[in-house]
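Have a look at the structure below before the remarks.
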Amino acid sequence: MMNIMHPALRRLDLNLLPVFDAIYRHRSVRLAADELAMSTSALSHALSRLRDSLNDPLFYRQGHRMCPSVYASQLAPAIASSLAFLNRQLTPQPEFDAATSSERLQIAITDFTAFCIFPALMHTLQHHAPGLHFELLYLPHSPALTELLAGEVDLALGFSTPEDIRYPELDEISWFEDEYVVISNPQRTRLTLEDYLAARHLVVTPWNEKQGVVDLQLEQMGYTRQIAIKTPSMLSAPFIVAQSDLLMAIPRFAAEKLMPAADIKLFALPFAIRRFEVKIYSHKRSGQRGATNWLKSQLQMLAKEMN
């Protein structure tokens with residue numbers, strides 16, 4: 001047998017509850033009608049329907065006042081508190097105002113995505129959204145599906161891999177593309193494919209992945225390279241390269257940003273490879289849609305300046 005949920009509510013027009021509440025508070029049909037922007041005849045008709053639904057007179061006239069029945073007096077506190085609760089909960093979400101917002105956004109990053117994005121982003125936001133707060137969390141894996149679904153992060157900034165799977169529950173934006181280059185210590189004078197394959201390499205693996213884009217491409221070409229060190233930290237890597245004979249494939253944007261700080265030299269990658277791509281991931285159920293959508297628009301404008 002079918003279990004019918006909320007049988008009392010199903011037989012009652014819930015629009016009649018504000019009518020009950022207004023009459024109870026004002027003890028007057030006219031004043032209740034004025035509050036609800038109804039005519040007195042329409043309100044009287046609504047009261048008649050409510051009496052029929054609840055099988056009780058609810059109010060009776062005593063002089064100029066509408067006095068509640070015993071049953072109405074019992075109902076009144078619950079109806080008033082329920083209406084107040086629903087009114088608070090069903091208030092439309094306010095439009096996001098970057099200039100006045102003090103929201104806190106949790107963003108999953110790698111050190112590379114933080115290095116690429118946040119210096120320029122914070123320069124912009126200090127003028128347009130000075131009250132916005134960020135908590136940066138290291139991205140445990142890409143695209144942080146579990147964390148986004150659980151609401152533990154609002155956005156994830158990750159780079160795409162050949163094994164990327166598209167998830168229907170995620171909004172995904174291709175944010176930034178760049179070419180790979182190779183960095184070495186300053187003593188190197190050339191870099192051919194033969195030189196590249198003969199050298200030892202440093203590889204950044206933020207998620208301890210077995211193979212990256214470069215190694216997959218070399219494998220398709222029938223080559224392998226000698227990997228001397230794997231590290232999860234992109235920012236420490238150029239300083240290791242600068243004081244060793246190691247090579248490192250890295251996006252050009254990061255290499256050029258790091259050159260003033262690390263004593264490194266930049267070479268073109270001596271074979272063709274798919275471009276480096278950073279993506280922005282957010283969950284369709286995000287609880288801060290206004291803030292995250294605004295931030296994504298800011299990031300997209302920033303990417304145009306970087307490309």
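These numbers come from the heavy atoms of this one structure, side chains and all, not from hydrogens, waters or symmetry mates. When a residue number appears, it is its place in the shown sequence, counting from 1.
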Heavy atoms of other groups near [X] [atom1], more than 12 under 6.0 Å:
X: E152; atom1: CD; result: yes
X: Q126; atom1: CD; result: yes
X: D52; atom1: CG; result: yes
X: H127; atom1: NE2; result: yes
X: H133; atom1: NE2; result: yes
X: K257; atom1: NZ; result: no

Indicate yes or no for a side-chain donor-acceptor contact from [X] to the backbone of [Y] under 3.5 Å, with no hydrogens or angles considered.
X: N185; Y: S244; result: yes
X: R25; Y: A32; result: no
X: S44; Y: T40; result: yes
X: S53; Y: R49; result: yes
X: D34; Y: L31; result: no
X: R200; Y: L246; result: no
X: D111; Y: M234; result: yes
X: W294; Y: A98; result: no
X: K265; Y: R188; result: yes

Side chains of [X] and [Y], heavy atoms from C-beta outward: is any pair under 4.5 Å?
X: R252; Y: L266; value: yes
X: L191; Y: L269; value: no
X: F20; Y: L54; value: no
X: C116; Y: V278; value: no
X: I250; Y: V204; value: no
X: L17; Y: L12; value: yes
X: L295; Y: L121; value: yes
X: W175; Y: L157; value: no

Given the rule that I, L, V, M, F, W and Y join up when any side-chain heavy atoms are under 4.5 Å apart, are [X] and [Y] in one cluster?
X: I227; Y: L216; result: no
X: F112; Y: F239; result: no
X: L14; Y: L75; result: yes
X: V181; Y: M259; result: yes
X: V241; Y: V203; result: no

No-hydrogen, no-angle side-chain donor-acceptor test under 3.5 Å, [X] and [Y]:
X: E147; Y: Q106; value: no
X: T231; Y: S233; value: no
X: T110; Y: T113; value: yes

Distance, nearest 0.5 Å, that separates [atom1] of [X] from [atom2] of [Y]:
X: S69; Y: F59; atom1: OG; atom2: CZ; value: 7.5 Å
X: N87; Y: S82; atom1: CG; atom2: OG; value: 12.0 Å
X: R61; Y: M66; atom1: CZ; atom2: CE; value: 5.0 Å
X: F267; Y: T189; atom1: CZ; atom2: OG1; value: 6.5 Å
X: S28; Y: I23; atom1: OG; atom2: CD1; value: 9.0 Å
X: M221; Y: L193; atom1: CE; atom2: CG; value: 5.5 Å

Y24 ring centre to R27 NZ or CZ under 6.0 Å, with the angle to the axis within 45°? yes
For a side chain to side chain contact (heavy atoms under 4.5 Å, CB included) check, start with the C-alpha distance between V214 and R225, then their side-chain angles and the critical distance, and finish with the verdict. CA-CA 10 Å; V214 173; R225 60 177 176 168; 3.6 Å; yes
F176/F253 aromatic ring centres below 6.0 Å: yes
Close aromatic pair by centroid cut-off 6.0 Å: Y223 and Y196: no
